[in-house]
Amino acid sequence: MIRYISFTTLILAAATAAAQQPSLPLSLDECLHMAETSSPALRSGSMAVEKALIMQGTAFDPDMTEVSLTQETTTGDSPDNGVNFSQAFDFPTLYVARYKALKAETALAGRTLDSERSRVERDLTSLYYTMLHARTRVKLLEKTDSTYTALLNLTSTRFANGEVSRLDVINARQLAAACGADLHDATDAYYQLTLKMQNLLGADSPVEPAATDTLRSLPQDVDNDFSFASTARGREADAGVELSRRNLSVARNEFAPTISLSATTRCLIKSFNPYDVEREAFKGNFMKFEVGVGVPLFFGAKRARARAASRDLTMARLDRDAAESAALNEYLAARSEMLTAAHNLEYHTTTGAAEADELERLATVSYKLGEINEIDLIQYLQSVSDMRSRHADAIERYNQSVINLKYLLR
């Protein structure tokens with residue numbers, strides 16, 4: 001008599017051989033904590049915030065101080081024989097406007113990081129529950145594969161005893177092979193998800209859910225009220241509008257005059273006297289100072305920059321309004337999807353799961369008692385497998401809708 005073994009052992013061995021490194025089991029909280037420090041996207045966002053903070057130090061950036069030495073050969077001690085220090089400054093309001101603009105840019109970088117953190121958490125949570133679903137699917141297929149293998153062995157035994165035809169054996173073998181192929185595909189898909197989680201976390205090895213975590217439906221603890229301004233995307237959009245407003249203030253303050261200061265101190269070089277004239281030094285060292293104001297007579301370029309900054313502010317406001325409208329529609333669609341998924345899940349949880357267990361029990365007992373044949377048993381078992389698979393799919397769909405809606409409100 002020919003005995004058949006389950007495909008599970010061969011499949012898992014193949015998957016293990018394909019993986020060069022062992023998987024790292026982590027809970028969802030551990031994944032979220034790990035993402036804070038190792039996620040490439042969040043690390044890049046943190047560096048952007050640090051850069052913006054550093055750039056705030058460039059708000060006060062006057063021109064270089066000019067130092068010049070002058071020696072007049074035909075006069076004695078005078079401002080023409082000294083060292084001159086001169087410095088030009090923008091009007092103080094321009095430095096204040098620049099600092100506020102750089103501060104607004106830092107705030108925008110922080111809001112962008114918050115949005116990226118929310119996106120990473122959403123993607124990570126979504127992927128985590130997708131992996132739980134994929135692992136559940138593997139377990140369901142393993143159970144089905146074991147059932148079909150047992151059925152194939154039983155059919156082979158009955159064929160050897162002359163109770164069934166060879167057609168029944170071939171049919172049972174094909175069903176077992178098809179289930180084994182599905183199990184192989186499901187196992188490989190689960191492994192691919194562990195690699196995706198590894199990339200998302202920036203881990204050194206594939207990451208899979210903790211062994212104690214199982215596929216379960218999430219609670220509907222989401223707020224029904226939608227406020228775009230209180231979400232991460234809304235705060236980022238508002239920060240963008242504020243930055244454009246500050247840049248417009250900088251452009252307008254560029255019309256302010258500049259201020260120049262100059263001071264000259266004595267530096268009489270007596271040995272430098274090519275005409276042999278009297279060059280006696282005075283008692284004091286300070287010779288003169290100058291204060292000047294630069295008034296823009298040609299301000300076409302400044303006016304153009306101010307008008308362009310005004311357009312940027314208008315565009316930022318329009319983008320903010322468009323983002324709010326899109327976010328509201330996305331929220332309404334996500335809420336509708338969650339309600340539909342919850343309705344479907346309720347049937348599979350309250351009715352479908354119990355009926356699948358009862359159908360499997362009755363079909364197995366009836367076959368052993370000879371009340372149904374192999375074909376009937378196979379059809380019943382296929383129905384059981386489909387019902388359990390649909391239940392897992394319903395949980396996955398519902399969980400993804402809850403996760404999506406939750407992070408749309410954050």
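FYI, side chains are in, hydrogens and waters are out, and symmetry mates aren't considered; it's all heavy atoms of this structure. What you are looking at is a predicted structure, and each value in this text was computed from that prediction instead of being measured.
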> Counting N and O atoms only, with roles assigned by atom type, does the side chain of T340 sit under 3.5 Å from a partner on the main chain of S336, one being a donor and the other an acceptor?
Replying inline: yes
> Got a second to check how far C179's SG is from L152's CG, nearest 0.5 Å?
Replying inline: 12.0 Å
> Do N84 and V67 come close enough that some side-chain heavy atom pair is under 4.5 Å?
Replying inline: no
>> Has E30 got a side-chain atom pairing as donor or acceptor with S27's backbone, closer than 3.5 angstrom?
In response: yes
> Atom OG1 of T130 and atom CE of M197: how far apart are they, to the nearest 0.5 Å?
Replying inline: 8.5 Å
> Only one of K139, M131, R137 forms a side chain to side chain contact (heavy atoms under 4.5 Å, CB included) with R135, so which one is it?
Replying inline: K139
>> As a test of understanding, state which of L405, L409, N404, I403 forms a side chain to side chain contact (heavy atoms under 4.5 Å, CB included) with Y407.
In response: I403
>> Minimum heavy-atom separation for L201 and C31, please, with both atom names.
In response: CD2-O, 3.4 Å
Kindly list each side-chain donor-acceptor pair under 3.5 angstrom involving residues 40-56, sequence neighbours excluded, with atom names and distances?
unit_1: S46; atom_1: OG; unit_2: L42; atom_2: O; d: 3.0
unit_1: Q56; atom_1: OE1; unit_2: T106; atom_2: OG1; d: 2.8

> With sequence neighbours excluded, what pairs up with R216 under the salt bridge (Lys or Arg N to Asp or Glu O under 4.0 Å) test?
Replying inline: none
> When rounded to the nearest 0.5 angstrom, what is the spacing between CG in L200 and OG in S126?
Replying inline: 10.0 Å
> So L193 and L127, side-chain contact (heavy atoms from CB on, under 4.5 Å) or not? Walk me through it.
Replying inline: CA-CA 8 Å; L193 292 175; L127 178 58; 3.7 Å; yes
>> Please find the pair of heavy atoms, one from V293 and one from S260, that lie closest to each other, and give the distance.
In response: N-OG, 4.5 Å
> What distance do T112 atom OG1 and L108 atom CG have between them, rounded to the nearest 0.5 Å?
Replying inline: 4.0 Å
>> Please determine whether side-chain contact (heavy atoms from CB on, under 4.5 Å) holds for the pair E324 and L328, giving the CA-CA distance in whole Å, both sets of side-chain angles, and the decisive distance to 0.1 Å.
In response: CA-CA 6 Å; E324 181 177 12; L328 177 58; 5.6 Å; no
> Hey, what do you get for CG (L151) to CG (L381), rounding to the nearest 0.5 Å?
Replying inline: 7.0 Å
> Who pairs with Q87 by side-chain hydrogen bond (donor to acceptor under 3.5 Å, both in side chains), at least two apart in sequence or on another chain?
Replying inline: T65
> Among T144, D188, L141, which one satisfies side chain to side chain contact (heavy atoms under 4.5 Å, CB included) with L183?
Replying inline: L141
> Do N344 and Y398 touch side chain to side chain, with heavy atoms closer than 4.5 Å?
Replying inline: no
> So do T136 and T214 actually touch side chain to side chain, heavy atoms under 4.5 Å?
Replying inline: no
> Looking only at heavy atoms, what is the nearest atom pair of Y129 and L28, with distance?
Replying inline: CE1-CD2, 3.9 Å
> Shortest non-hydrogen contact from F91 to I259?
Replying inline: CD1-CD1, 4.2 Å
> Taking it one step at a time, do R119 and R122 satisfy side-chain contact (heavy atoms from CB on, under 4.5 Å)?
Replying inline: CA-CA 5 Å; R119 185 192 66 80; R122 181 194 62 192; 3.5 Å; yes
>> Using 0.5 Å steps for rounding, measure from the CG atom of L140 to the CG atom of D145.
In response: 12.5 Å
>> Between T231 and F228 (side chain of the first, backbone of the second, donor and acceptor by atom type, cut-off under 3.5 Å), is there such a pair?
In response: yes
>> Is there a side-chain contact between E121 and E116 in this structure, where contact means two heavy atoms from C-beta onward sitting under 4.5 Å apart?
In response: no
> Of all residues at least two apart in sequence or in a different chain, which pass the side chain to side chain contact (heavy atoms under 4.5 Å, CB included) check with E66?
Replying inline: S86
>> Whether the D213 and Y128 side chains hold a donor-acceptor pair (N or O, under 3.5 Å, no angle test) is what I'd like checked.
In response: yes
> What residue pairs, at least two apart or across chains, pass salt bridge (Lys or Arg N to Asp or Glu O under 4.0 Å) with a residue in residues 87-106?
Replying inline: D90-R98
> Who are the side-chain hydrogen bond (donor to acceptor under 3.5 Å, both in side chains) partners of E242, not counting sequence neighbours?
Replying inline: R245, R246
>> As a quick check of understanding, evaluate side-chain contact (heavy atoms from CB on, under 4.5 Å) for L332 and F226, giving each step before the final call.
In response: CA-CA 9 Å; L332 294 175; F226 178 77; over 6 Å; no
> Is there a donor-acceptor pair closer than 3.5 Å between any side-chain N or O of S325 and the backbone N or O of D321?
Replying inline: no
Using a 3.5 Å cut-off and no angle test, enumerate the donor-acceptor pairs between side-chain atoms of residues 299-317 and protein atoms at least two apart in sequence or in another chain.
unit_1: R305; atom_1: NE; unit_2: E254; atom_2: OE1; d: 3.1
unit_1: T314; atom_1: OG1; unit_2: S310; atom_2: O; d: 3.2

> Cut-off 3.5 Å, side chains only: do N399 and S217 have a donor facing an acceptor?
Replying inline: no
>> Quick test of your reading of the model: are D114 and R117 salt-bridged, counting only N-O distances below 4.0 Å?
In response: yes
> With a cut-off of 6.0 Å (strictly less than), are more than 12 heavy atoms of other residues, nucleotides or ligands near CZ of F89?
Replying inline: yes
>> So, using salt bridge (Lys or Arg N to Asp or Glu O under 4.0 Å) as the criterion, who are the partners of R252 when residues are at least two apart?
In response: none
> Pairs in or reaching into residues 394-405: which pass salt bridge (Lys or Arg N to Asp or Glu O under 4.0 Å), with residues at least two apart or in two chains?
Replying inline: E337-R397
>> If only side-chain N and O atoms count, and only distance matters, is there a donor-acceptor pair under 3.5 Å linking E208 with Y190?
In response: yes
> Do T264 and F85 have side chains that get closer than 4.5 Å, going by heavy atoms?
Replying inline: no
Under 3.5 Å, which donor-acceptor pairs do the side chains of residues 384-394 form with other protein atoms, sequence neighbours left out?
unit_1: R388; atom_1: NH1; unit_2: E360; atom_2: OE1; d: 3.2
unit_1: R388; atom_1: NH2; unit_2: D357; atom_2: OD1; d: 2.8
unit_1: R388; atom_1: NH2; unit_2: E360; atom_2: OE1; d: 2.6
unit_1: D393; atom_1: OD1; unit_2: H133; atom_2: NE2; d: 2.7

>> To check you understand the geometry: which heavy-atom pair defines the closest contact between P206 and L195, and what is its length?
In response: CG-CD2, 3.6 Å
> What residues form a side-chain hydrogen bond (donor to acceptor under 3.5 Å, both in side chains) with Q174, not counting sequence neighbours?
Replying inline: none
> Between R233 and E236, is there a salt bridge with N-O shorter than 4.0 Å?
Replying inline: no
> Side-chain contact, heavy-atom cut-off 4.5 Å: L261 with E290?
Replying inline: no
>> Any heavy-atom pair between the side chains of L248 and S244 that's under 4.5 Å?
In response: no
>> So, using side-chain hydrogen bond (donor to acceptor under 3.5 Å, both in side chains) as the criterion, who are the partners of Y99 when residues are at least two apart?
In response: none
> What are the two closest heavy atoms between L175 and Y148, and how far apart are they?
Replying inline: O-CD1, 3.7 Å
